[in-house]
Asker: 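Before we start, here is the structure in question, set down as structure tokens.
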Amino acid sequence: MSRSLLRKKEELLEEIRREVEQCTLCPLAKSRTQTVFGEGNPDALIMFIGEAPGEDEDRSGRPFVGKAGQLLTKILLSVGIQREEVYIANMVKCRPPGNRTPTLEEVEACFPYLEAQIAIVNPSVIVTLGSVSTGYLLGTKEPMSKLRGQWFDWRGGKRIFPMFHPSFLLRHESRAPGSPKYLTWQDIQEVKRVYDLLRESTRRV
Ligand code: URA
Ligand code: URA
């Protein structure tokens, strides 16, 4: 990636960020402290997509910085992936009151922003974290226990790999074989395996 193309991606993302900051398309605009756009490498090979900002994210304006976020960071580091290498975003850019699950209307209103982020960053792999992003992007109501750890083709050319949401892991502490934490450890190693192959076969970091 040339410097000028990277600069262009940064500029395009900033344009969308400014639009998101002004957004009033759904009721979450009224209760937010600030929007949480997403962050990371504008040219990332992998994008992680969570659900919605929580309290810490609403306060800081950054995705995945609270307890769940710290666990995500640890999961990435366990296979040697730095947060800055990847791109991290959410389905919904504003915190739902009391951290309730975003409604379908809220997800739909916000989706064009995520679509723009995906189009600009153009990752090869999208890791969906938890059932909201997984279910919406794959158009399925199957439970995470059935979907996680598998590759799905998405919109011709990209691949989606669902993983458990780190908040779910915080509620299930066991590391025994077959437990959500155990399976997530396997899943992130599969992500790393494919990430390494992608890095070998492309000029991208
Ligand atoms: N949970 C999410 O889904 N996203 C965040 O940014 C934080 C917690
Ligand atoms: N249910 C969810 O919503 N997310 C998970 O990660 C697992 C079960």
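Both counts, for ligands and for their atoms, begin at 1 and track the order of listing. The shown structure was predicted, so the numbers you read here are calculated from the model rather than taken from an experiment. Along the sequence shown, residues carry numbers from 1.
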Asker: Glu51 heavy atoms, cut-off 4.0 Å: which ligand 1 atoms fall inside?
Answerer: 2 (C), 3 (O)

Asker: Please determine if Ser167 has a nitrogen or oxygen closer than 3.5 Å to a nitrogen or oxygen of ligand 1.
Answerer: no

Asker: Under 3.5 Å between any N/O of Pro63 and any N/O of ligand 1: does that happen in this structure?
Answerer: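 Among all N and O atoms of Pro63, none is under 3.5 Å from an N or O of ligand 1.
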
Asker: Hydrophobic clusters here meaning ILVMFWY residues chained together by side-chain heavy-atom distances under 4.5 Å, can you tell me if Phe111 and Val92 are in one?
Answerer: yes

Asker: With a distance cut-off below 6.0 Å to the six-membered ring centre and an angular limit of 45° from the axis, does Arg199 pair with Tyr195 as a cation-pi contact?
Answerer: yes

Asker: Would you mind checking if Arg17 and Glu39 are paired as a salt bridge, meaning a charged N to carboxylate O distance below 4.0 Å?
Answerer: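 No salt bridge links Glu39 with Arg17.
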
Asker: Without hydrogens or angle criteria, can the side chains of Asn122 and Lys158 be said to hold a donor-acceptor pair below 3.5 Å?
Answerer: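 Yes, side-chain donor-acceptor contact under 3.5 Å.
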
Asker: Is it the side chain (CB and beyond), the backbone, both or neither of Pro166 that lies under 4.0 Å from ligand 1, heavy atoms counted?
Answerer: neither

Asker: Provide, to 0.1 Å, the distance between atom 4 (N) of ligand 1 and the closest protein heavy atom, together with that atom's residue and name.
Answerer: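 Among all protein heavy atoms, the one nearest atom 4 (N) of ligand 1 is Asn90 OD1, 2.8 Å.
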
Asker: Starting from atom 2 (C) of ligand 2, what is the nearest protein heavy atom, named by residue and atom, and what distance separates them?
Answerer: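 Ranked first by proximity to atom 2 (C) of ligand 2 is Ser131 OG, 3.5 Å.
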
Asker: Could you tell me, atom by atom, which parts of ligand 2 come under 4.0 Å of a heavy atom of Gly130?
Answerer: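 In order of numbering, the contacting atoms are 4 (N), 6 (O).
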
Asker: Just wondering, do Ile49 and Asn90 contact through their side chains at under 4.5 Å, heavy atoms?
Answerer: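 No - every pair of side-chain heavy atoms lies 4.5 Å or more apart.
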
Asker: If we set the cut-off at 4.0 Å for heavy atoms, which region of Phe168 has an atom near ligand 2: side chain, backbone, both, or neither?
Answerer: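 It is the side chain that gets close, since no backbone atom is under 4.0 Å.
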
Asker: Quick one: does Gly69 get a heavy atom under 4.0 Å from ligand 1?
Answerer: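 Contact check Gly69 vs ligand 1: negative.
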
Asker: Counting the benzene-type ring for Trp, do Phe64 and His165 have ring centres under 6.0 Å apart?
Answerer: yes

Asker: Quick one: does Ala68 get an N or O within less than 3.5 Å of an N or O on ligand 1?
Answerer: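 No: no nitrogen or oxygen of Ala68 is under 3.5 Å from one in ligand 1.
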
Asker: Please determine whether a side-chain nitrogen of the Lys or Arg among Lys93 and Glu57 lies less than 4.0 Å from a carboxylate oxygen of the Asp or Glu.
Answerer: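 Glu57 and Lys93: not salt-bridged.
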
Asker: Atoms of ligand 1 less than 4.0 Å from Gly50 heavy atoms?
Answerer: 3 (O)

Asker: Please identify which atoms of ligand 2 are closer than 4.0 Å to at least one heavy atom of His165.
Answerer: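 So the atoms of ligand 2 that pass are 5 (C), 6 (O).
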
Asker: Mind running salt bridge (charged side-chain N to carboxylate O under 4.0 Å, His left out) on Asp153 and Arg159 for me, showing each step along the way?
Answerer: CA-CA 5 Å; Asp153 287 326; Arg159 280 178 290 170; 5.5 Å; no

Asker: Test salt bridge (charged side-chain N to carboxylate O under 4.0 Å, His left out) on Asp58 and Arg32 and set out the steps.
Answerer: CA-CA 7 Å; Asp58 176 71; Arg32 74 183 176 222; over 6 Å; no

Asker: Using a 4.0 Å heavy-atom cut-off, which part of Met144 comes near ligand 2: side chain, backbone, both, or neither?
Answerer: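 Only the side chain of Met144 comes within reach of ligand 2.
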
